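Okay, structure first, notes after.
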Amino acid sequence: MSEEVREQNDLEIPFLAKNEEPAPPAPVSKPKKKLKIPAPAWFAAGCAVVLGAVLIGWHVRENVLGEEVSLLDSSVPEFAGYSTGGYLAADFAPEAAALEHLRETVAQRQEKGRNTADLERLISSVSCGFDKASGYANNENLTYACSYDQQAAEEAGIRLSNTVRTYTVSGLAEYAVLDVFNGVSADWQLSPDGLSIGIYAPQELRDMGISYSWSYGGDSYNGETVSIHAEFDQNVLMSYGYIVNNDEIVWTLGAMPEQITDADALSEDERNVLRETVRAMLENELAGCSNRAALTAFTGTYSIEITGIEQAYIERSGMGFFDDSNSFRISFDLDTNSEFMLNDYGRFRASYTGQIYRMADGSLRFLTNTVHACQFTGMFGNYSLSETSE
């Protein structure tokens, strides 16, 4: 029996509580069945995907990007010589294998009837080499680089990679570099044989077998420079621990000495200097003869004492008028004393023949080959000290 319920409010309206009906049962869903794929099928599918990707990649590489060819292989060069003077011991061509592969590709394409003109053009365009040909030093880095026709490569479907490599030089013998011109000089040189160019070199360089010579361009000298050449045996210098990088230099000479061709070109002061210079030469020779010279005459042989040297004469020599020697004769009158009265009736002289040069500093040099013997020759009262060389 339902119980009466009252609302606690002002209306006090009674109502009856309604019995609740039970909720209908929830529908039950049936479980779905899962699709079961065998493991071998999954493996096959995966392989198919991978293979497809590989084929697509190969197609893209071959037909879009082109075949990649590594141009330089891993071979390394062999060096010989010495540090700073090294060179390749043998031919070096790390691109040879790649080029051979490309030639084989040409043959394969031709068998398939394909056009190979672009590929052949690419092969012929490949040029490789070092950035320097020789003169290698230990620890020096050398770059070996290749160039090629890039358009021909693209049209041939070839991508060349590894076209540049760097190699480090090692294993070369170490030697010190010897400057064979250290302390070497050249200058004008006057000798009894005439004017020439002389080379001075330190004795320690000559002791190592180094010799020197000079040359100039053209058939005759017409400037102030000469080339100095050094000649040596490199193996000998290596035995001393040296190598040489330079065997020639250009040397600037001083002003060329001027040869006097006319006695009138000499001032009186210059004439006096020449007289005193040659007089000293004569005094030295006479001292070697004890100031005596023998004279052989028809009446016998006499010992002539030379007591003094008088005035000297400077004149063009007789031969100087007929050749280009421009020689002069400097003659001295001699005071003599003899056992016979020849000195009272004869004239005794001594002469030198040679060339006169004015040097760059203005000084004069007299070059002569004249050497006197300790005897007089002549006749009819004119006697000259014998000249054994002229």
Side-chain angles (χ1 to χ4, degrees), residues 189-195 257-359 361-390:
Q189 179 175 282
L190 291 174
S191 70
D193 295 328
L195 177 66
E258 175 193 2
Q259 185 174 16
I260 302 299
T261 59
D262 186 351
D264 291 338
L266 299 173
S267 67
E268 191 58 34
D269 288 341
E270 290 177 328
R271 289 171 178 266
N272 290 333
V273 169
L274 279 176
R275 292 187 184 104
E276 292 303 318
T277 299
V278 181
R279 178 190 179 99
M281 295 168 54
L282 179 58
E283 289 176 345
N284 184 63
E285 286 194 294
L286 294 179
C289 298
S290 299
N291 287 340
R292 287 184 175 274
L295 172 62
T296 301
F298 293 110
T299 57
T301 299
Y302 305 94
S303 176
I304 307 298
E305 180 186 11
I306 302 169
T307 59
I309 302 173
E310 296 298 322
Q311 182 68 36
Y313 306 91
I314 302 175
E315 56 190 356
R316 188 76 175 267
S317 71
M319 292 301 298
F321 289 101
F322 302 100
D323 58 27
D324 57 356
S325 64
N326 295 312
S327 59
F328 289 85
R329 181 174 288 272
I330 300 179
S331 303
F332 295 88
D333 288 336
L334 303 177
D335 290 335
T336 61
N337 186 21
S338 67
E339 301 170 355
F340 195 63
M341 293 185 295
L342 289 173
N343 58 301
D344 295 330
Y345 302 98
R347 183 182 183 188
F348 293 84
R349 306 186 71 183
S351 301
Y352 290 88
T353 301
Q355 291 80 39
I356 303 172
Y357 286 90
R358 181 179 284 112
M359 306 303 290
D361 60 1
S363 62
L364 294 180
R365 290 282 304 278
F366 180 64
L367 303 183
T368 180
N369 286 326
T370 301
V371 177
H372 293 102
C374 297
Q375 62 183 11
F376 285 102
T377 60
M379 60 182 62
F380 305 120
N382 289 315
Y383 306 103
S384 296
L385 203 61
S386 298
E387 299 176 8
T388 62
S389 177
E390 185 173 316

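Note that the structure is predicted; figures quoted are calculated from it, not measured. Computed over heavy atoms, backbone and side chain alike; hydrogens, waters and symmetry mates excluded.
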So, R329 and T353: side-chain donor and acceptor under 3.5 Å apart, yes or no? yes
Does the pair D262 and R316 meet the rule for a side chain to side chain contact (heavy atoms under 4.5 Å, CB included), with working shown? CA-CA 8 Å; D262 186 351; R316 188 76 175 267; over 6 Å; no
Interatomic spacing from OG1 in T388 to CD in Q375 - rounded to 0.5 Å: 9.5 Å
Verify whether one side chain among D269 and S267 offers a donor that lies under 3.5 Å from an acceptor in the other. no
Measure the OG1-CG distance between T261 and N326 for me, rounded to the nearest 0.5 Å. 5.5 Å
So CD of E283 and CD1 of I306: to nearest 0.5 Å the spacing works out to 11.5 Å
List the atom of E310, the atom of F332, and the distance in Å for their closest heavy-atom pair. O-CD2, 3.7 Å
Test side chain to side chain contact (heavy atoms under 4.5 Å, CB included) applied to V371 and E285, step by step: CA-CA 8 Å; V371 177; E285 286 194 294; 3.6 Å; yes
Run V278 and F366 through side chain to side chain contact (heavy atoms under 4.5 Å, CB included) and show every step you take. CA-CA 8 Å; V278 181; F366 180 64; 3.6 Å; yes
4.5 Å side-chain heavy-atom contact, M281 and T368: yes
Is there side-chain contact between R358 and L266, with heavy atoms separated by less than 4.5 Å? yes
Kindly give the heavy-atom pair with the smallest separation between D333 and R349, and that separation in Å. OD1-NE, 3.4 Å
Report the distance from atom OG of S327 to atom CD of Q259, rounding to the nearest 0.5 Å. 9.0 Å
The reported gap from CG in L334 to CD in E305 (rounded to nearest 0.5 angstrom) is 12.0 Å
How close do L385 and A293 get, counting heavy atoms only, and between which atoms? CD1-CB, 3.8 Å
Value for OG1 (T336) from CG (N291), rounded to nearest 0.5 Å, stands at 12.0 Å
I'd like to know whether I260 forms a side chain to side chain contact (heavy atoms under 4.5 Å, CB included) with F328, so could you lay out the CA-CA distance, the side-chain angles of the two residues, the decisive distance to 0.1 Å, and finally the verdict. CA-CA 9 Å; I260 302 299; F328 289 85; 4.3 Å; yes
Quick one: are I356 and E270 in side-chain contact, heavy atoms under 4.5 Å? no
Is any side-chain heavy atom of R365 closer than 4.5 Å to a side-chain heavy atom of T277? no
Positive for ring-ring contact (aromatic ring centres under 6.0 Å, His included) with F376, one of F348, Y302, Y383: F348
Sequence neighbours left out, what passes salt bridge (charged side-chain N to carboxylate O under 4.0 Å, His left out) with E268? Give chain and number order. R275
To check you understand the geometry: which heavy-atom pair defines the closest contact between R292 and C374, and what is its length? O-CB, 4.1 Å
